[in-house]
**Q** 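Sharing a structure with you now.
Worth saying up front: this structure is predicted, and the values here are computed from it rather than measured. Below, read A as the first sequence line, B as the second, and so on, with proteins coming before strands; counting in each chain starts at 1.
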Amino acid sequence: MMCILNLFCLEPKTDFWDNNIVTIVGLSLGLLFFVIERLLNYNREIREAKHNWFLNIILSPNLENINTFYFDSNNKLIESVQELINNKDIGHNKFILLQREKINEFKIERVKFLNNFSSMIRSYDVSLSIDFDKIINELDDIYTETLDKALINNDDTFSNKIFKNKSKIITLLFNVIKRNKRNKKNQLKQSIFLPSFYR
Amino acid sequence: MTDNRINISLLAEHRGVDSNTFTGRPQGEEVRKVLKLDELDFKQSHYNFLIPLNTTSFNASFFLGLFFDSIKNLKGYENFEEKYHLVFTDEDDELIQGLKNDLKECKRQANNEYNQKTGLNI
């Protein structure tokens, strides 16, 4: 009992402490580093799994579909503008309905494909899906305004606007990959910080 | 329309020059300032927003610019819907159905942006 008390009292150190303090402190630090590294590894594995799932299951299979969507939307818009111009004399009310029908064609495709894709993105990263929706809203506006002013504007720059919008989407999605590579670099730096015998 | 509601008309000029559509978030925010919605949000009254005749599209971008701050001030879309009704003045069923579909999309985006909920959580 006195020996145990002696270990913890503030009296001059015994031989036991003099001989073993370095070992005890070293072992404690080692245990602490081990626990921290395990936790960091676990979190990193979860994040990587989530990221790989997003890349392989959601993003990669849909890149070609995004390309096709923009290509088809542009072609459809060119046809629709021409149809409105050809029907400019059908009467005001009928013309309004025809405009709405053409606008609808884009909106229906948007709901079918892009909204579905957006909800998959949301399962990975909410703010990414909101940014995605904002860019698609710009595309929606381009389509709507082009048809709205089909008879007034001789503006044929809408194709440029559509493909600029596409590159915004690709940049947004590409930044996800860049972000993951940056995170991996930071994690590597963290692991370098740990003593080598714990790596 | 409920008798106790005050009517506010969205005008043709709110759509932009020679336009039949409501588009653009900055445009929505501009109309919000003109209609002083920041003040209306905190009044007790309920309102009908009248969408003008011959409107062919009510895009989510404009809706969010006009109403998203109201949704935040009123703490959610349900409270917003109770206070503000959007009313279509057109008589054509096809046009009205199209605008109702637009509002469904507006609601989806407004809820997502307000709630920032995920579908799955990993």
Side-chain angles (χ1 to χ4, degrees), chain A residues 46-54 57-58 84 92-108 110-111 114-116 118-153, chain B residues 12 14-29 51-66 68 71 88-122:
Chain A
I46 294 285
R47 272 199 307 275
E48 262 187 49
K50 187 176 174 180
H51 184 78
N52 287 337
W53 169 78
F54 173 73
I57 307 295
I58 296 176
L84 287 173
H92 176 76
N93 289 345
K94 283 186 180 169
F95 187 81
I96 293 285
L97 287 178
L98 184 61
Q99 270 186 324
R100 177 67 217 199
E101 184 191 313
K102 296 296 140 191
I103 290 171
N104 258 352
E105 283 171 4
F106 170 80
K107 289 181 188 283
I108 287 167
R110 178 205 177 142
V111 168
L114 291 176
N115 284 8
N116 204 29
S118 169
S119 65
M120 288 196 284
I121 294 175
R122 193 160 58 255
S123 66
Y124 169 73
D125 185 332
V126 175
S127 63
L128 179 66
S129 78
I130 290 172
D131 289 342
F132 181 87
D133 278 339
K134 281 181 181 165
I135 298 174
I136 298 303
N137 280 349
E138 288 172 16
L139 178 64
D140 199 340
D141 287 349
I142 293 167
Y143 212 93
T144 303
E145 287 163 12
T146 302
L147 291 171
D148 187 37
K149 307 247 166 112
L151 298 185
I152 301 167
N153 282 347
Chain B
H14 293 149
R15 294 193 295 225
V17 177
D18 293 325
S19 175
N20 290 335
T21 64
F22 288 96
T23 60
R25 193 152 185 165
Q27 288 72 12
E29 287 166 357
I51 312 287
L53 282 172
N54 297 325
T55 297
T56 53
S57 189
F58 199 95
N59 282 10
S61 54
F62 185 91
F63 178 90
L64 292 171
L66 181 61
F68 187 68
I71 295 169
F88 307 112
T89 55
D90 250 295
E91 288 170 357
D92 187 278
D93 290 337
E94 267 182 60
L95 216 49
I96 289 175
Q97 190 52 52
L99 292 171
K100 282 183 178 174
N101 290 341
D102 288 349
L103 284 188
K104 274 189 203 163
E105 176 61 20
C106 296
K107 181 177 178 179
R108 179 191 79 87
Q109 289 199 34
N111 270 325
N112 286 346
E113 203 167 319
Y114 178 75
N115 294 324
Q116 298 210 7
K117 278 187 184 158
T118 57
L120 304 167
N121 278 314
I122 297 179

**Q** Of the backbone (N, CA, C, O) and the side chain (C-beta and beyond), which part of A:S118 lies under 4.5 Å from a heavy atom of chain B, both, or neither?
**A** side chain
**Q** Give a yes or no on whether a salt bridge exists between A:E138 and B:R25, defined as a side-chain N under 4.0 angstrom from a carboxylate O.
**A** no
**Q** Please lay out, stage by stage, how B:N54 and A:H92 fare under the test side chain to side chain contact (heavy atoms under 4.5 Å, CB included).
**A** CA-CA 10 Å; B:N54 297 325; A:H92 176 76; 3.3 Å; yes
**Q** Quick check for you: to the nearest 0.5 Å, what is the distance between B:Q27 atom CD and A:D141 atom CG?
**A** 8.0 Å
**Q** Is any side-chain N of the basic residue among A:D133 and B:R108 closer than 4.0 Å to the acidic one's carboxylate O?
**A** yes
**Q** With rounding to the nearest 0.5 angstrom, report the OG1 to CG distance, B:T56 to A:L147.
**A** 8.5 Å
**Q** Taking 4.0 angstrom as the limit, do A:K107 and B:D102 come out as a salt bridge?
**A** yes
**Q** Heavy-atom cut-off 4.5 Å, strictly under: side chain, backbone, both or neither for B:N20 against chain A?
**A** both
**Q** Any carboxylate oxygen within less than 4.0 angstrom of a Lys/Arg side-chain nitrogen, looking at A:R100 and B:D90?
**A** no
**Q** What residue in A:I121, A:I103, A:N93, A:I108 has the most heavy-atom pairs under 4.5 Å with chain B?
**A** A:I103
**Q** Where on B:Q109 is there a heavy atom nearer than 4.5 Å to chain A: the side chain, the backbone, both, or neither?
**A** side chain
**Q** Between CG of B:N101 and CG of A:N104, what distance do you get to the nearest 0.5 Å?
**A** 7.0 Å
**Q** Please round to the nearest 0.5 Å and tell me the distance separating atom CG of A:D140 and atom OG of B:S57.
**A** 6.5 Å
**Q** First locate atom CD of A:E145, then atom OG1 of B:T21, and finally report the distance between them rounded to the nearest 0.5 Å.
**A** 6.0 Å
**Q** At a heavy-atom separation under 4.5 Å, does B:L64 approach chain A through its side chain, its backbone, both, or neither?
**A** side chain
**Q** The test is side chain to side chain contact (heavy atoms under 4.5 Å, CB included); show your working for B:L95 and A:I96 and say whether it passes.
**A** CA-CA 9 Å; B:L95 216 49; A:I96 293 285; 3.9 Å; yes
**Q** Within the 4.5 Å heavy-atom criterion, are B:E105 and A:N115 side-chain neighbours or not?
**A** yes
**Q** Closest approach of A:L97 and B:D92, non-hydrogen atoms and distance?
**A** CD2-OD1, 3.3 Å
**Q** Return the OG to CG distance between B:S61 and A:L139, rounded to the nearest 0.5 Å.
**A** 11.0 Å
